[in-house]
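First the structure, in the form of structure tokens, and then the observations on it.
What you see below is based on every heavy atom in this structure, not just the backbone, and it leaves out hydrogens, waters and symmetry mates. Chain letters run A, B, ... following the sequence lines, proteins first, then strands; residues in each count from 1.
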There are 2 protein chains.
Amino acid sequence: MFEYVMTEKMPSRSHCPINYALESFGDKWTLLIIRDLMFNGKQSYGELLTSDEKISTNILADRLKRLEDLDIVAKGADASNRTKVIYSLTPKGRDLLPIMLELTEWSGKYDAQTEAPKSFLKHLENDKQRLIEIIRSGWDAS
Amino acid sequence: MFEYVMTEKMPSRSHCPINYALESFGDKWTLLIIRDLMFNGKQSYGELLTSDEKISTNILADRLKRLEDLDIVAKGADASNRTKVIYSLTPKGRDLLPIMLELTEWSGKYDAQTEAPKSFLKHLENDKQRLIEIIRSGWDAS
DNA sequence: CTGTATCCTTAGGGATACTG
DNA sequence: CAGTATCCCTAAGGATACAG
């Protein structure tokens with residue numbers, strides 16, 4: 001039987017930067033995982049399974065693997081608990097923050113159903129750059 | 001036979017703003033259409049068909065319909081040519097610009113294959129806010 | 001030129017059982 | 001807890017022919 005060679009890269013459709021972003025996380029699930037790691041304090045496989053959108057186990061495993069290959073997410077062991085697996089964002093993953101903030105701002109402006117509080121969105125609009133710097137310095141400190 | 005009622009809304013998975021963005025344009029094609037309308041001066045169905053990524057006719061028609069429903073793209077008639085159809089971005093669509101710029105910047109930073117010139121990316125990093133204002137004022141003038 | 005329609009194949013993904 | 005494996009089904013999408 002033919003074994004699929006994982007090291008083969010998907011052929012990319014073009015070298016456009018928008019297309020690169022789409023091929024990295026242009027599906028219905030990947031950005032939700034990144035959101036949970038970035039904003040919702042989730043670190044473990046089990047925690048990532050519990051989001052509102054109800055990702056299934058096989059999809060989550062597949063996406064985490066992809067994100068590791070792309071060096072957006074890193075997999076490590078918990079220092080205090082050797083058996084526990086911890087996922088975290090790499091620098092490349094953390095650099096998605098401005099994108100996440102713009103997505104949040106746009107949806108907050110146009111989706112009446114959004115759960116993001118208006119006060120947060122207002123703050124975002126005014127102090128986006130400072131917000132980015134604050135969160136980044138928080139990471140550097142840790 | 002059962003007729004699918006187009007006015008039925010897709011049930012949304014959650015009220016998270018990231019999820020709203022994903023359900024608006026979280027697929028492999030939509031953002032490429034927006035890119036072509038926003039940056040590449042394309043206006044017609046035929047022009048939109050000719051991009052590097054080779055979208056097929058049925059997919060293009062489907063996405064344009066969705067984008068119209070979402071009020072991101074508007075369909076109009078060419079003033080000088082009554083038979084020609086013109087697509088353009090609505091204000092909601094133009095508000096995707098900051099997202100597009102962040103996507104471009106991120107890909108430019110991490111994709112060695114990107115076609116965006118480094119000089120453009122450097123300029124983007126330094127003068128993003130001014131760039132947004134310049135392009136916005138251009139639209140307002142037209 | 002601007003789409004529709006159809007055919008057909010593959011990829012995505014839900015449900016769930018199972019394993020170290 | 002952290003995944004794998006399997007089953008099965010639907011949506012996504014390529015190719016292409018056709019229509020107004």
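Protein atom CG of B:Leu22 is 15 Å distant from nucleotide atom C1' of C:dG12, rounded to whole Å. One atom, CD1 of A:Ile55, and another, C1' of C:dA15, lie 14 Å apart when rounded to the nearest Å. Nucleotide D:dG3 holds its P atom 13 Å from the CG atom of A:Asp62, rounded to whole Å. Rounded to whole Å, atom P of C:dT16 lies 15 Å from atom CG of A:Leu49. Straight-line distance from the CD atom of A:Glu53 to the C1' atom of C:dA15: 18 Å, rounded to whole Å. Atom P of nucleotide D:dC1 and atom CD1 of A:Ile86 are separated by 13 Å, given to the nearest angstrom. The CD-P distance, from B:Glu68 to C:dT2, rounds to 14 Å in whole Å. Atom CD1 of B:Ile59 and atom C1' of C:dA5 are 13 Å apart (whole Å).
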* To do: Take B:Arg35 and B:Leu31 through the test side-chain contact (heavy atoms from CB on, under 4.5 Å) and record every step on the way to the result.
  => CA-CA 6 Å; B:Arg35 171 202 63 188; B:Leu31 237 35; over 6 Å; no
* To do: Check the pair B:Ile72 / B:Leu96 against side-chain contact (heavy atoms from CB on, under 4.5 Å), numbers first and verdict last.
  => CA-CA 9 Å; B:Ile72 290 171; B:Leu96 293 171; 4.1 Å; yes
* For the pair B:Ile33 and B:Ile55, evaluate side-chain contact (heavy atoms from CB on, under 4.5 Å) and give the outcome as yes or no after the intermediate values. => CA-CA 9 Å; B:Ile33 296 171; B:Ile55 193 170; 4.2 Å; yes
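Test A:Thr104, A:Ile99, A:Thr114, A:Ile34 against B:Ile18 for side chain to side chain contact (heavy atoms under 4.5 Å, CB included) and you get one pass: A:Thr104.
For the pair B:Lys84 and C:dG3, the criterion of a side-chain N or O lying under 4.0 Å from OP1 or OP2 is not met. Checking the phosphate oxygens (OP1, OP2) of D:dT4, no side-chain nitrogen or oxygen of A:Tyr45 falls inside 4.0 Å.
Annotation: ring pair (Phe, Tyr, Trp, His ring centres under 6.0 Å) contacts of A:Tyr87 (sequence neighbours excluded): none.
Cluster annotation: B:Leu64 and B:Leu49 are assigned to the same hydrophobic cluster (Ile/Leu/Val/Met/Phe/Trp/Tyr, side-chain heavy-atom contacts under 4.5 Å, transitive).
Ion pairing of A:Lys128 with A:Glu102 is present here, as a side-chain N (NZ or NE/NH1/NH2) and a carboxylate O approach within less than 4.0 Å.
Under 3.5 Å, the side chains of B:Asp95 and A:Tyr110 contain a donor-acceptor pair of N or O atoms.
Within residues 26-34 of chain A, the residues having any heavy atom under 4.0 Å from DNA chain C are, by residue number, A:Lys28, A:Trp29.
With hydrogens and angles ignored, a donor-acceptor pair closer than 3.5 Å exists between the side chain of A:Thr57 and the base of C:dT16.
Among the protein residues, B:Lys54 comes within range of no part of the nucleic acid, since none of its heavy atoms lies under 4.0 Å from any strand.
Among D:dG3, D:dG14, C:dG3, the nucleotide with an atom closest to any side-chain atom of B:Asn58 is D:dG14. You'll find that the side chain of A:Tyr87 is closest to D:dG3, out of D:dA5, D:dA15, D:dG3. Closest to the side chain of B:Ser44, from the set C:dT2, C:dT4, D:dG13, is C:dT2. If you check D:dG14, C:dA15, D:dT4 against the side chain of B:Ser56, the one that comes closest is D:dG14. Of the candidate nucleotides D:dG3, D:dG14, C:dG12, C:dG12 has the atom nearest to the side chain of A:Arg63.
In this structure, A:Arg13 and A:Glu47 both approach DNA chain D, and ranking their closest nucleotides by distance from the 5' end singles out A:Glu47.
Fit an axis to the five pairs at each end of the helix from C:dC1-D:dG20 to C:dG20-D:dC1 and the two axes sit 40° apart, to the nearest 10 degrees.
Across all their heavy atoms, A:Asn19 and A:Ser12 have their closest contact at ND2-OG, 4.3 Å.
A:Asn40 contributes no side-chain N or O that, together with a main-chain N or O of A:Lys42, makes up a donor-acceptor pair within less than 3.5 Å.
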